[in-house]
Amino acid sequence: MRQRAARDQQRLDSGAVTSPKDLENLQREIVSLAKRQGDLEDVVLEVMERRESAQERVAELTERVGSVQGKVDDAVARRDAAFEEIDAEVATVTKEREVVAAAVPADLLKLYEKLREQQGGVGAAKLYQRTCQGCRQELAITELNEIRAAAPDTVVRCENCRRILVRTAESGL
Ligand SMILES: [Zn+2]
């Protein structure tokens with residue numbers, strides 16, 4: 001378009017066009033071309049502005065993605081560390097349990113395992129201030145009297161939930 005405008009201007013300046021009507025047409029075309037060029041430049045400017053703002057948005061979103069990814073990585077690392085800790089604790093507790101279980105008579109261990117299965121994973125409970133810590137029920141006087149009379153190595157059980165009761169100095173006997 002610029003070339004065409006320049007060519008028209010050249011023809012106009014050369015003096016080759018003499019007819020007033022042709023001259024007028026040529027001038028009109030030059031003006032119209034200049035206006036179209038101006039319009040196109042406006043469009044180009046607008047497109048460039050839009051591209052710039054799109055690039056800014058891309059940069060902003062890229063930064064946010066990076067920040068979120070950082071948080072995800074951090075959470076994954078903490079989760080993995082927690083898993084490792086839990087696994088180590090499970091290994092330790094399992095070993096400790098094996099040692100303790102080896103010292104418990106076979107029939108008592110069998111009873112405990114059976115109760116544990118029936119009672120949601122807790123086969124034995126502490127007797128604390130006359131209350132079974134398994135079912136949280138306070139024991140009746142007659143039951144407490146029986147437990148008081150029982151030998152220290154007798155296996156006593158909760159009348160309510162049937163769990164094995166563990167007697168301590170805080171049992172309230
Ligand atoms: Zn109980």
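In each ligand, atom 1 is the first atom listed, and ligand 1 is the first ligand listed.
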Checklist entry - How far apart are the closest heavy atoms of T18 and L23, and which atoms are they? => result O-CD1, 3.9 Å

Next on the checklist: Ignoring waters, how many N, O or S atoms from the protein are under 2.8 Å from the Zn ion (ligand 1)?
Outcome noted: 4

If you look only at distance, which donor and acceptor atoms sit under 3.5 Å apart when one is on a side chain in residues 80-102 and the other is two or more places apart or in another chain?
| residue | atom | partner | partner atom | Å |
| --- | --- | --- | --- | --- |
| T92 | OG1 | A88 | O | 2.9 |
| T94 | OG1 | V90 | O | 2.6 |
| R97 | NH2 | E113 | OE2 | 2.7 |

Next on the checklist: Tell me the closest heavy-atom pair linking L127 and T168, and the distance in Å.
Outcome noted: O-OG1, 4.2 Å

Checklist entry - For Q27, which residues count as a side-chain contact (heavy atoms from CB on, under 4.5 Å) partner, sequence neighbours excluded? => result L12

Next on the checklist: Under a plain distance cut-off of 3.5 Å, with no hydrogens placed, do Q9 and D13 share a side-chain donor-acceptor pair?
Outcome noted: yes

Checklist outcome for this item: Residue set satisfying salt bridge (charged side-chain N to carboxylate O under 4.0 Å, His left out) with R7, at least two apart, ordered chain then number -> none

